[in-house]
Number of protein chains: 2
Amino acid sequence: MKQASSGFGNLSRRSLVSTFAALPVLFGPLRSISASAQGTDPLPSWNDGATKQSITNFVTQVTTQGSPDFVPADERIATFDNDGTLWCEQPMYVQMAFILERVKALAPMHPEWKTKQPFQAVLDNDLRALAASGEKGLVELMAATHAGMTSEEFTKIVSDWLAAARDPRFKRPYTELVYQPMLEVLGFLRANGFRTFIVSGGGIEFMRPWAGRIYGIPPEQVMGSSIKTKFELRDGRPVLFRLPEINFIDDGPGKPVGINAHIGARPIAAFGNSDGDLQMLQWATLSGGRCFGLIVHHTDAEREYAYDRQSPIGKLDKALDAATANKWTVVDMKKDWKRIFPFA
Amino acid sequence: MKQASSGFGNLSRRSLVSTFAALPVLFGPLRSISASAQGTDPLPSWNDGATKQSITNFVTQVTTQGSPDFVPADERIATFDNDGTLWCEQPMYVQMAFILERVKALAPMHPEWKTKQPFQAVLDNDLRALAASGEKGLVELMAATHAGMTSEEFTKIVSDWLAAARDPRFKRPYTELVYQPMLEVLGFLRANGFRTFIVSGGGIEFMRPWAGRIYGIPPEQVMGSSIKTKFELRDGRPVLFRLPEINFIDDGPGKPVGINAHIGARPIAAFGNSDGDLQMLQWATLSGGRCFGLIVHHTDAEREYAYDRQSPIGKLDKALDAATANKWTVVDMKKDWKRIFPFA
């Protein structure tokens, strides 16, 4: 277990995910990823310029037979962070919203929570008390909301929640708060023989149920943090029971570890937005050969959010410096993206 | 860490793999898996009869549009154990042969091993002393041979070893001791839209380097036991360093856990040969829907080996009873297989 950080409001990305192992779910409106079907421009939601061109140049070079940078289709692997890279992570991780709302939904079955922290803080919307409960409190909330059921049951819980939940600012299902320009990148890469993987600090079973429908990414190409599960036969029927114990933290230096365990090959392209993605981008880009690294920089407070070096969620500091040093593409969301979300 | 078993000779499958986390490697002659190219019979090395027919019937039923048992291609997932199911596991696991030979190769750099157990036992070929060192000894041998290098370096070590190593009975590279009838099953399934995965108690990085060439299975479809790795930048170059610490034991009840973590979907067909595969077969076959379970029963001492309920390696006892109870196909190697190996 990680060391406790100073509190809920300051929970670092890493300490948050350490309590955030493996969820499953979702539900929401279909979004087509039809980049390759939109005429000649595979990236219509990107403004023309160096950023967009860096993407199309890379893809052209690695897919052109005879090019010195040609990469066989088998080796065209691209990895994507999820929170803040493919969908919105503000004002809090979606998985955190799930935890808080789930505690409220379960409260009638737990009358003792009315006077027991950290549950009382959640029920009273007392953010100060919640923060005071620290990582220990968050671990208890995780155990109460993410463990104690089968994987199948958890998938249904998350799916049902996502069908009903709405983002507080945009008043839409969270699955609509995905970045249209990034959906186009996913489609463009796949149309060019890439396999696209999610490598998220969030829970693997929180993402798998909807990643196929929303991103076109099947469960076996979704990696994330996880809790331990236990195989059992119940009345002769096999189930996996979710235990209140961290299994793997797929964040920071855990990302290349997870990528190697899962894929067994090095990506040639990696996409992230925070310091939690630094090592994944290093792994993909610092080993020689044609490769591509991209950082989404949230610069648009009007259409989405603006945050970087000081943000408690999605802190982008070391990775922003590394982007300059390593010539990774940095997306200026405000300048480079015509549209942010599919609906606007 | 698992409880120690009684000794080296008696090491159960589970306790052996608990010390056997993640290796990589190999090298050996190409073997084509050309089942679907051999005229009308996709399984030419199988004798006609109920066993062969159970395989072809299953594949026909799940791939026939309009059949009540039709399964969409996306969901056609088949999982295979490796040791004893796809290649020979007698007289000892190949990975164990690697450990013993690797200790001998490293001995000149470790003069202290001459008088230090369990290394002395290996160098003296003293199987009694080796057995006496128990699981603790095996863990030390693992640490000395599997950890302390990068994943890339380990891959090369295993590859070089496999290129030179020979099986003591057949005098051939271990990668030739794969079962021709099972290669045909792999090819037959893939020709019918299945994705084929290895789910082995053996080391994931011991298998990945050659599974593509020998079985047609890419690294991302190979699961196995693993040790922990650590991400590091060395002179600006990213590496994964192998640590002497177990990460995951992909055996017994660990197999469905690993399958869920890696694939995120339930297989509809599973192939194994020992009690270590029991839960994988239960996971694949006891949840309703058309499914297929198969156990390779080693009954041919003349052409390969004969062993089951009493064998310290590849013990087949509970899973043999479960096969009857659950109507899994049991391959009688002697009766059902025309050929065992590609070379004979």
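All values below come from the heavy atoms of this structure, side chains included, with hydrogens, waters and symmetry mates left out. The sequence lines fix the lettering, A, B, ..., with proteins before strands; numbering per chain opens at 1. Predicted, not measured: the structure shown is a model, and the values here were computed from it.
- Residue B:Phe241: no heavy atom, backbone or side chain, is found under 4.5 Å from chain A.
- B:Glu220 is not listed as a side-chain neighbour of A:His262, based on a closest heavy-atom distance of 4.5 Å or more.
- With contacts defined as side-chain heavy-atom distances shorter than 4.5 Å, the pair B:Asn260/A:Ser151 qualifies.
- Counting non-hydrogen atoms of neighbouring residues, nucleotides and ligands closer than 6.0 angstrom, the CD atom of A:Glu232 exceeds 12 such neighbours.
- Between chain A and the residues B:Ala261, B:Ser287, B:Gly236, the largest count of heavy-atom pairs under 4.5 Å involves B:Ala261.
- Across every non-hydrogen atom of A:Leu233 and B:Gln282, the tightest pair is CD1-NE2, 3.5 Å.
- Note on ring orientation: taking the six-membered ring where Trp is involved, the planes of A:Phe231 and B:Trp283 are perpendicular (angle over 60°, cut-offs 30° and 60°).
- When each of A:Met280, A:Gln279, A:Arg266 is paired with B:Pro238, the side-chain contact (heavy atoms from CB on, under 4.5 Å) condition holds for A:Arg266 and for no other.
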